[in-house]
Number of protein chains: 2
Amino acid sequence: MKNTIKVLRAEHDLTQADLAEKVAVSRQTINAIEKGKFDPSLPLAFKISRLFNKSIEEIFTAEE
Amino acid sequence: MKNTIKVLRAEHDLTQADLAEKVAVSRQTINAIEKGKFDPSLPLAFKISRLFNKSIEEIFTAEE
DNA sequence: TCCTTATGTAAATAAAACTTTACTTTTAGT
DNA sequence: ACTAAAAGTAAAGTTTTATTTACATAAGGA
């Protein structure tokens, strides 16, 4: 499961801490997701996708 | 987090056990998700949505 | 260089997702 | 009514996601 969060953050000029706050998780959680350490929960994926006005499929891709 | 899995299953004539097998989880997991006991992981949500040829947003909705 | 902000990482813990086993209830067919 | 299949449920245990604290590194500006 890959994602484009880092790019979306850059486009919106948000730090990991900014994004973490907006979706109500810890900064380390955002970092871990970006680094591919684990996948977000479905509710968290929804929060992130709504924040960036993208569909979940546009942000996350199941690398088969 | 609500979902329309029960309806989609009916449309595709699949039992909970059938669906569980297709997405490689236990029947109880499908049951629990349908009953709203917990949300699927993001990878599982992807598997289900691809099986039914729907977007994740079409199947799952964050009830506020 | 010094200081600050952002990012990366790690260990311990907590919480949520999922499994396994097993039993009960519902539903539908004959 | 009887039977079989499907659905519901529950407890105990494992795995994965997320938190907290804490420290280390990278990058840039003053």
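Every chain is numbered from 1, with letters handed out A, B, ... down the list of sequences.
- Phosphate proximity of D:dA18 to A:Thr29: absent, as no side-chain N or O sits under 4.0 Å from OP1 or OP2.
- A straight line from CD of A:Glu34 to C1' of D:dT17 spans 16 Å, rounded to a whole angstrom.
- Among the heavy atoms of the strands, none lies under 4.0 Å from A:Ala20.
- Contact record, B:Glu34 with B:Ile5: OE2-CG2, 3.5 Å, taken as the closest heavy-atom pair.
- Contact annotation for A:Ser26: base contact, defined as any heavy-atom pair under 4.0 Å involving a base atom.
- Proximity of B:Lys6 to the phosphate of D:dG8: a side-chain N or O atom is located under 4.0 Å from OP1 or OP2.
- Here the straight-line distance linking atom CG of A:Asn31 with atom NZ of A:Lys37 works out to 7.0 Å at 0.5 Å rounding.
- Considering all non-hydrogen atoms of both residues, B:Ser49 and B:Ser55 come closest at CB-C, 4.1 Å.
- Rounding to the nearest 0.5 angstrom, the gap separating the CD atom in B:Glu57 from the CZ atom in A:Arg50 is 9.5 Å.
- For A:Glu21, the CD atom counts as loosely surrounded, since its 6.0 Å shell holds 12 or fewer non-hydrogen atoms of other residues, nucleotides or ligands.
- Between B:Leu19 atom CG and D:dA7 atom P there is a gap of 10 Å when expressed in whole angstrom units.
- Distances shorter than 4.0 Å separate none of the side-chain N or O atoms of A:Asn31 from OP1 or OP2 on C:dT7.
- Listed candidates were D:dT19, C:dC18, D:dG8. Nearest to the side chain of B:Arg27 is D:dG8.
- Put simply, CZ on B:Phe38 and OG1 on B:Thr29 are 4.5 Å apart, with the number rounded to the nearest 0.5 Å.
- Rounded to whole Å, atom C1' of C:dA14 lies 13 Å from atom CZ of A:Phe38.
- D:dT9 atom C1' lies 16 Å from atom CD1 of B:Ile30, rounded to whole Å.
- In terms of position on DNA chain D, the residue among B:Ser41 and B:Asp18 whose nearest nucleotide sits closer to the 5' end is B:Asp18.
- Distance NZ (B:Lys47) to P (C:dA17): 17 Å, rounded to an integer number of Å.
- Each of D:dT17, C:dG8, C:dT19 was ranked by its minimum atom distance to the side chain of A:Asp39; first place goes to D:dT17.
- For the pair B:Glu21 CD and D:dA6 P, the computed distance is 12 Å after rounding to whole Å.
- Remark: B:Lys35 is not in phosphate contact with D:dA7, judged by side-chain N or O atoms under 4.0 Å from OP1 or OP2.
- The side chain of A:Gln28 places no N or O atom within less than 4.0 Å of a non-bridging phosphate oxygen (OP1 or OP2) of D:dT20.
- Atom CG in A:Leu42 sits about 15 Å away from atom C1' in D:dA18, given to the nearest Å.
- A close approach under 4.0 Å does occur between a side-chain nitrogen or oxygen of A:Arg9 and OP1 or OP2 of C:dT7.
- Side-chain N/O atoms of B:Thr15 include none lying less than 4.0 angstrom from OP1 or OP2 on D:dA5.
- Of all nucleotides listed (C:dC18, C:dT7, D:dA18), C:dT7 comes nearest to the side chain of A:Gln16.
- Whole-Å rounding puts the B:Leu14 CG to D:dA6 P distance at 11 Å.
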